Enquirer: 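Quick one: the structure is below, and I'll ask about it shortly.
Heads up: numbering here begins at 1 and tracks the sequence. Just so it is clear, the model here is predicted, and its values are computed rather than measured.
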Amino acid sequence: MSKETKAKRIVARILRVLYRYFTYFLFVAFVITCSVMLFVTLLERELGIELTGENISFAAKITFWNVLFISLLIMVVETVRRRYMFERPLKQIAKAAEQMMLGDFSVRIPRVSGITTDESFNEMIASINKMAEELEGVETLRSDFIANVSHEMKTPLAVMQNYGKLLQESDLTDEKRLEYAAAVSESCRRLSDMMTNILKLNRLENQQIYPKNEKFDLSEQLCECFLQYESVWESRNIEIETEIEDGVSVTGDSELLYLVWSNLFSNAFKFTDDGGKVALTLRADEKYATVSVRDTGCGMSAEVGAHVFEKFYQGDSSRATQGNGLGLALVKRVVDIVGGEISVESAVGEGSLFTVKIRRFANGILEKAR
């Protein structure tokens with residue numbers, strides 16, 4: 001800050017102090033003058049005392065100095081009161097807002113305490129602290145999202161680059177050329193799937209996809225989706241067990257829920273070893289339809305289970321090349337949108353059980369099973 005700016009601020013502050021004092025002086029002078037005139041008038045009328053010019057002059061001087069002193073005292077008291085009740089918390093709020101503007105969302109404003117504390121400041125401070133906490137969480141998620149996307153893109157891009165160079169060699173056999181081309185194609189597929197899931201998740205999180213409420217046959221949808229993986233379980237000799245109630249109808253967005261079942265089935269087969277078992281169950285009562293997907297795969301620990309619905313989280317790094325850690329995040333978001341519940345039970349080496357519970361009615365109207 002330049003000397004000229006500092007000098008201007010000092011002058012402005014002095015002028016504000018003088019203006020404040022002059023305002024208090026006029027107010028006190030008016031009140032005291034009116035009070036003294038009333039008192040003197042009553043004194044003359046009731047006691048019959050006649051005041052001389054000398055007495056009035058002396059009293060006026062004393063009154064003037066009293067007004068000066070009382071005005072000064074009021075100004076000092078008011079200045080101290082304003083400083084501790086208003087200026088100090090306002091400065092703390094302004095400082096915190098400036099830090100947040102610069103990107104520091106870890107700032108927190110301490111509560112104002114004291115007998116004369118205005119509780120409205122503490123309400124404002126609590127709101128600002130809550131906002132800073134939310135912004136800090138959003139910033140952390142944004143940073144993690146960028147880091148995870150960069151990491152996920154790095155591997156397939158590196159594969160494509162390496163195999164692209166190998167494909168340029170003139171002495172490659174047709175077998176090798178097809179192998180390298182297949183690797184490039186697979187990496188492209190992974191990138192495409194990841195971008196598709198990111199776009200879907202972004203639209204879901206920003207509520208750009210609005211769920212439709214239409215009645216459809218959940219039993220039929222589960223069967224159709226499950227049969228999409230028939231070639232997978234046959235080629236890997238995976239045992240299938242199904243227990244699906246017939247004619248279970250629900251009201252909701254069939255396309256969004258199809259995304260849920262597709263991701264759950266895909267994960268079940270991905271983490272189940274050859275010769276394992278995948279079970280699908282659908283049960284319903286008058287209010288809820290409950291879908292369970294169980295596998296006998298590698299399972300996961302309680303720590304992994306606590307984070308399994310987070311974006312880009314992959315508990316089993318050995319199978320990371322088969323996905324991008326967005327499937328279950330999509331599942332969780334869709335289930336939340338349709339007003340359902342999802343839970344997971346798992347143990348290492350014993351497999352996992354995903355359970356989705358959704359309402360069978362919309363707008364308070366119960367849907368009856370066909």
Side-chain angles (χ1 to χ4, degrees), residues 182 185-201 203-204 209 211-212 214-284 289-298 308-309 314 316 319-335 337-338 340 342 344 346 351-358 370:
S185 178
E186 176 63 19
S187 297
C188 289
R189 184 199 61 78
R190 284 193 61 200
L191 277 177
S192 177
D193 289 347
M194 183 177 67
M195 292 304 151
T196 300
N197 285 335
I198 288 175
L199 290 174
K200 287 180 181 177
L201 191 57
R203 292 177 65 192
L204 288 170
I209 295 179
K212 303 174 184 177
E214 56 184 8
K215 185 177 179 180
F216 67 96
D217 192 324
L218 180 61
S219 305
E220 183 179 345
Q221 184 186 63
L222 286 171
C223 291
E224 289 179 357
C225 187
F226 200 62
L227 287 172
Q228 298 294 320
Y229 298 88
E230 183 176 6
S231 60
V232 177
W233 76 61
E234 287 183 349
S235 62
R236 296 174 52 196
N237 195 29
I238 294 176
E239 181 184 351
I240 299 302
E241 182 180 299
T242 58
E243 186 180 344
I244 301 175
E245 291 187 16
D246 292 331
V248 176
S249 296
V250 297
T251 299
D253 193 313
S254 59
E255 292 184 8
L256 288 180
L257 287 173
Y258 192 92
L259 187 66
V260 171
W261 317 135
S262 179
N263 276 282
L264 291 180
F265 298 159
S266 174
N267 279 349
F269 287 113
K270 180 173 75 173
F271 290 102
T272 300
D273 295 327
D274 294 355
K277 180 179 178 181
V278 172
L280 169 62
T281 303
L282 168 62
R283 294 187 177 93
T290 304
V291 179
S292 300
V293 181
R294 182 188 296 274
D295 64 69
T296 58
C298 57
V308 75
F309 295 111
Q314 294 179 317
D316 188 355
R319 303 178 193 248
T321 56
Q322 301 180 37
N324 46 53
L326 288 172
L328 289 178
L330 276 169
V331 167
K332 181 66 168 65
R333 184 57 183 151
V334 169
V335 172
I337 286 177
V338 300
I342 184 169
V344 57
S346 185
S352 302
L353 169 64
F354 285 87
T355 303
V356 179
K357 189 176 182 180
I358 57 176
R370 291 190 306 186

Enquirer: If you take all heavy atoms of Asp253 and Phe216, which pair is closest and at what distance?
Expert: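 Answer, listing the atom of Asp253 first, then Phe216: C-CE2, 4.3 Å.
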Enquirer: Starting at CD of Glu224, measure out to OG of Ser262 and round the result to the nearest 0.5 Å.
Expert: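 Between Glu224 CD and Ser262 OG, I get 12.5 Å after rounding to 0.5 Å.
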Enquirer: I'd like to know whether Val338 forms a side-chain contact (heavy atoms from CB on, under 4.5 Å) with Leu257, so could you lay out the CA-CA distance, the side-chain angles of the two residues, the decisive distance to 0.1 Å, and finally the verdict.
Expert: CA-CA 8 Å; Val338 300; Leu257 287 173; 4.2 Å; yes
Enquirer: I'd like to check the ring-ring contact (aromatic ring centres under 6.0 Å, His included) partners of Phe354; sequence neighbours left out, ordered by chain and number.
Expert: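 Checked Phe354 against ring-ring contact (aromatic ring centres under 6.0 Å, His included); zero matches.
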Enquirer: Under a 3.5 Å cutoff, is there a donor and acceptor pairing between the side chains of Ser352 and Ser346?
Expert: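 Note: Ser352 and Ser346 side chains meet the donor-acceptor criterion.
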Enquirer: Is there a side-chain contact between Leu218 and Leu282 in this structure, where contact means two heavy atoms from C-beta onward sitting under 4.5 Å apart?
Expert: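 A side-chain contact under 4.5 Å exists here.
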Enquirer: For Lys277, does its backbone N or O pair with a side-chain atom of Thr296 as donor and acceptor, under 3.5 Å?
Expert: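 It does hold such a pair.
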Enquirer: Working to the nearest 0.5 angstrom, can you tell me the gap between Leu222 CG and Thr242 OG1?
Expert: 10.5 Å
Enquirer: With distance as the sole test, does Arg236 use its side chain to make a donor-acceptor pair with the main-chain N or O of Phe269 at under 3.5 Å?
Expert: yes
Enquirer: Are side-chain heavy atoms of Val335 and Val356 found at a separation under 4.5 Å?
Expert: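 Val335 vs Val356: side chains touch.
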Enquirer: Find the distance between CG (Leu256) and CZ (Arg333) and round it off to the nearest 0.5 Å.
Expert: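 Output value for this atom pair is 10.5 Å.
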Enquirer: I want to check something: taking the side chain as every heavy atom from C-beta on, are Val331 and Asn267 in contact at a cut-off of under 4.5 Å?
Expert: no
Enquirer: Take Thr281 and Val293, measure what side-chain contact (heavy atoms from CB on, under 4.5 Å) needs, and give me the verdict at the end.
Expert: CA-CA 7 Å; Thr281 303; Val293 181; over 6 Å; no
Enquirer: Assert yes or no for the condition that the ring centre distance of Trp261 to Tyr229 is strictly below 6.0 Å.
Expert: no
Enquirer: Would you check if Trp233 and Phe226 make a side-chain contact, meaning some heavy-atom pair closer than 4.5 Å?
Expert: yes
Enquirer: So Leu280 and Ser292, do their side chains get closer than 4.5 Å, heavy atoms only?
Expert: no
Enquirer: Hey, what do you get for CG (Asn237) to CG (Asp273), rounding to the nearest 0.5 Å?
Expert: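 Here the interatomic distance stands at 12.5 Å.
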Enquirer: Would you find more than 12 non-hydrogen atoms of other residues, nucleotides or ligands less than 6.0 Å from Glu214 atom CD?
Expert: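 It does: Glu214 CD has more than 12 such atoms within range.
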Enquirer: Side chains of Ile342 and Thr355: does their closest heavy-atom pair fall under 4.5 Å?
Expert: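 No, their side chains stay 4.5 Å or more apart.
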Enquirer: To the nearest 0.5 Å, how far apart are CD in Glu230 and CD1 in Ile238?
Expert: 12.5 Å
Enquirer: With heavy-atom distances below 4.5 Å as the criterion, would you say the side chains of Thr272 and Val278 are in contact?
Expert: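 A side-chain contact exists here, since the closest heavy-atom pair is under 4.5 Å.
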Enquirer: Applying salt bridge (Lys or Arg N to Asp or Glu O under 4.0 Å) to Arg283 and Glu243, what does each step give before you reach the verdict?
Expert: CA-CA 8 Å; Arg283 294 187 177 93; Glu243 186 180 344; 3.3 Å; yes
Enquirer: Do Ser235 side-chain atoms and Ser231 backbone N/O form a donor-acceptor pair below 3.5 Å?
Expert: yes
Enquirer: Quick one: closest heavy-atom pair of Asp217 and Gly247, and the distance?
Expert: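 Asp217 and Gly247 have their closest heavy atoms at OD2-CA, 4.1 Å.
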Enquirer: Find the distance between NZ (Lys215) and OG (Ser254) and round it off to the nearest 0.5 Å.
Expert: 14.0 Å
